[in-house]
**Q** 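Please read through the structure below; I'll follow up with questions.
If you read the sequence from its start, that first residue is 1, and numbering goes on from there.
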Amino acid sequence: MTFSAADHAAMARALQLAARGLTTTSPNPRVGCVLMRDGRTVGEGWHARAGEAHAEIHALRQAGEAARGATAYVTLEPCSHFGRTPPCADALIEAGIGRVVTAMEDPNPLVAGRGLARMRAAGIVTEHGLLEAEARDLNIGFVSRMSHGRPWVRLKAAATLDGKTALDNGVSQWITGPAARADGHRWRARACAILTGIGTVREDDPQLTVRDVPCSRQPLRVLVDATLAVSPAARILQGEPILVAAARADAERIGALRDGGHDVVVLPDAGGKVDLPRLMSELGSRGLNEVHVEAGFKLNGSLLREGCVDELLLYLAPMLVGDAAQGLFNLPALSALEGATRLDIRDLRTIGPDLRLLARLRRAG
């Protein structure tokens, strides 16, 4: 399918609008809409948060009667079902839209092509696939949850150029500079949840909140704590309630956490640890699209070994600290390179004096 330069410009603008909901739309996708008629923009909109009007509705309200005969550029297929709001496909039909161009079909089984089909049945010209890769990246977590029942998991770590996250004595603050730390908070802000392990809580006592950048809501904090050993004084238990994933049904400790307003799920695996794939399914069932991991090398390694990581966000500081320092991932030794975890680098840039690398894990097939 061939799209014009004007089509590309309009969809690029719609994606730009969709990104305004980067930190606010969960569990809904980030969606933008642009209405064009006779070469000019007559309406724009984006989805801000769940329960509020969708992008198409905002754009139609702005356009008014000028929407009749216009082309709608939408980053995601308009919904065809009643949720918290009425179907956007019906609204576009009623407004007299003449053509609808979407970046991608909606992976939600409740939509999955039905919105486009409904509009075609009403006589609207529909086309999709314009800037699809960009649209999928913007909603990578929503796509993962709808397609696989689990969130997109992004593992963040800061290390030296020789791959060390802390000195042998545990000192790790600060390996990277202020600019990299602020950038890390921006990635925290877009996530639905921030996940860590009890080892990190014991050693660093982190808050795991978004602080260095504006954010209108805090992501859910998730603690992997097999034996429910977290101290009542831990900073992660302060502020908004957290979710604790345990492997032991200790009624007394669970009761104490729940009395503090926190939630606990018990998900043991055969070895007495937290079943991490089941935890990811649990997070997906709770409507979490993106999970941001900030943990130690043991949990990092476990998540990788059990296929729970989709993407690595690595900050590398221009320093070397020696072989005895702590590494990034607790992974088994290999005897052949064929067993190596393979990555596709998606982005590499400098953030202040540090390097930031974004890489996705290659999946079989």
Side-chain angles (χ1 to χ4, degrees), residues 14-15 17-32 46-52 54-55 74-79 81 83-85 88 102-112 132-156 184-196 208-210 213 215-222 224 240-243 245 263 265 276-295 303 307-313 346 358 360-361 363:
L15 286 164
L17 292 168
R20 294 185 182 183
L22 192 68
T23 66
T24 60
T25 62
S26 179
N28 289 355
R30 300 140 181 162
V31 183
W46 68 93
H47 183 48
R49 54 186 53 83
E52 296 186 4
H54 290 186
V74 193
T75 59
L76 186 70
E77 176 186 0
C79 59
H81 66 289
R84 297 189 192 182
T85 58
C88 291
T102 60
M104 61 177 288
E105 291 188 357
D106 193 333
N108 185 342
L110 296 175
V111 184
E132 181 174 3
E134 291 83 351
R136 291 182 71 87
D137 278 351
L138 184 63
N139 282 308
I140 194 71
F142 180 77
V143 172
S144 177
R145 183 167 66 85
M146 289 295 147
S147 302
H148 308 296
R150 57 179 291 274
W152 181 264
V153 179
R154 183 179 295 114
L155 192 158
K156 177 260 182 183
H185 276 257
R186 279 188 280 274
W187 286 93
R188 278 187 184 183
R190 70 172 282 167
C192 305
I194 303 172
L195 183 146
T196 195
L208 287 186
T209 55
V210 180
V213 296
C215 187
S216 60
R217 65 95 177 94
Q218 287 291 336
L220 173 69
R221 294 169 295 170
V222 180
V224 178
E240 296 182 11
I242 75 167
L243 172 64
D263 196 2
V265 290
L276 296 173
R278 283 178 63 199
L279 174 58
M280 296 308 150
S281 295
E282 172 70 23
L283 298 180
S285 72
R286 292 172 178 242
L288 302 177
N289 294 331
E290 293 183 24
V291 172
H292 178 95
V293 176
E294 294 195 23
L303 288 164
C308 295
V309 178
D310 299 296
E311 191 167 56
L312 299 181
L313 176 66
R346 303 298 295 256
L358 190 69
R360 290 184 182 168
L361 275 75
R363 301 299 186 195

**Q** Please give me the minimum heavy-atom distance between Ala193 and Leu288, naming the atom from each residue.
**A** CB-CD1, 4.0 Å
**Q** What's the separation between atom CH2 in Trp187 and atom NZ in Lys156, rounded to the nearest 0.5 Å?
**A** 12.5 Å
**Q** Quick one, Leu283 and Leu243 - any side-chain contact, counting heavy atoms below 4.5 Å?
**A** yes
**Q** Mind checking whether Cys308 and Pro277 have side chains closer than 4.5 Å, heavy atoms only?
**A** yes
**Q** Atom CE in Met146, atom CG in Asn108: separation rounded to 0.5 Å?
**A** 4.5 Å
**Q** Looking at residues at least two apart in the chain, or sitting in another chain, which of them share a side-chain contact (heavy atoms from CB on, under 4.5 Å) with Asn139?
**A** Pro29, Arg30, Phe142
**Q** Run the side chain to side chain contact (heavy atoms under 4.5 Å, CB included) test on Leu22 and Leu138 for me, step by step, so that the C-alpha distance in whole Å, both residues' side-chain angles and the decisive distance to 0.1 Å come before the verdict.
**A** CA-CA 8 Å; Leu22 192 68; Leu138 184 63; 4.1 Å; yes
**Q** Residues in salt bridge (charged side-chain N to carboxylate O under 4.0 Å, His left out) with Arg186, at least two apart?
**A** Asp183
**Q** Looking at Arg346 and Glu311, is there a salt bridge between them, counting it only when a charged N and a carboxylate O are closer than 4.0 Å?
**A** no
**Q** Can I get a per-line list of side-chain donor-acceptor pairs under 3.5 Å for residues 215-222, giving both atom names and the distance, sequence neighbours left out?
**A**
| unit_1 | atom_1 | unit_2 | atom_2 | d |
| --- | --- | --- | --- | --- |
| Arg217 | NE | Thr23 | O | 3.3 |
| Arg217 | NH1 | Ala189 | O | 3.0 |
| Arg217 | NH2 | Thr23 | O | 3.2 |
| Arg217 | NH2 | Ala189 | O | 3.4 |
| Arg217 | NH2 | Ala191 | O | 2.9 |
| Gln218 | OE1 | Val210 | N | 2.8 |
| Gln218 | NE2 | Val210 | O | 2.9 |
| Arg221 | NH1 | Gln207 | O | 3.0 |
| Arg221 | NH1 | Ile236 | O | 3.1 |
| Arg221 | NH1 | Gln238 | O | 3.3 |
| Arg221 | NH2 | Ile236 | O | 3.4 |
| Arg221 | NH2 | Gln238 | O | 2.8 |
| Arg221 | NH2 | Glu240 | O | 2.6 |

**Q** Is the shortest side-chain N to carboxylate O distance from Arg278 to Glu282 below 4.0 Å?
**A** no
**Q** Would one find more than 12 heavy atoms of other residues, nucleotides or ligands at under 6.0 Å from atom CH2 of Trp152?
**A** yes
**Q** When you measure from the side chain of Thr75 to the backbone of Gly32, do you find a donor-acceptor pair of N or O atoms at a distance under 3.5 Å?
**A** yes
**Q** Please name the pair of heavy atoms, one in Ser26 and one in Ala50, separated by the smallest distance, quoted to 0.1 Å.
**A** O-CB, 4.2 Å
**Q** Would you give the length of the straight line joining atom CD of Glu52 to atom OG1 of Thr25, rounded to the nearest 0.5 angstrom?
**A** 11.0 Å
**Q** OG1 of Thr24 to CZ of Arg190: how many Å apart, nearest 0.5 Å?
**A** 12.0 Å
**Q** Could you tell me whether the side chain of Asp263 reaches within less than 4.5 Å of the side chain of Pro241, counting heavy atoms only?
**A** no
**Q** Before you tell me yes or no, could you show the steps for Leu208 and Glu294 under side chain to side chain contact (heavy atoms under 4.5 Å, CB included), namely the whole-Å CA-CA distance, both residues' side-chain angles and the distance that decides it to 0.1 Å?
**A** CA-CA 8 Å; Leu208 287 186; Glu294 294 195 23; 4.2 Å; yes
**Q** What distance separates Cys192 SG from Arg145 CZ, expressed to the nearest 0.5 Å?
**A** 8.0 Å
**Q** State whether the number of non-hydrogen atoms from other residues, nucleotides or ligands found under 6.0 Å of Arg286 atom CZ is greater than 12.
**A** yes
**Q** Verify, without hydrogens or angle tests, whether Thr102 (side chain) and Val74 (backbone) share a donor-acceptor contact under 3.5 angstrom.
**A** no
**Q** Once rounded to the nearest 0.5 Å, what's the spacing between atom NE2 of His292 and atom CZ of Arg154?
**A** 8.0 Å
**Q** Do Glu77 side-chain atoms and Glu105 backbone N/O form a donor-acceptor pair below 3.5 Å?
**A** no
**Q** Checking side chain to side chain contact (heavy atoms under 4.5 Å, CB included) between Val153 and each of Asp310, Leu195, Leu303, which is the one that passes?
**A** Asp310
**Q** What pair of heavy atoms forms the shortest contact from Ala135 to Leu15, and how long is it?
**A** CA-CD2, 3.8 Å
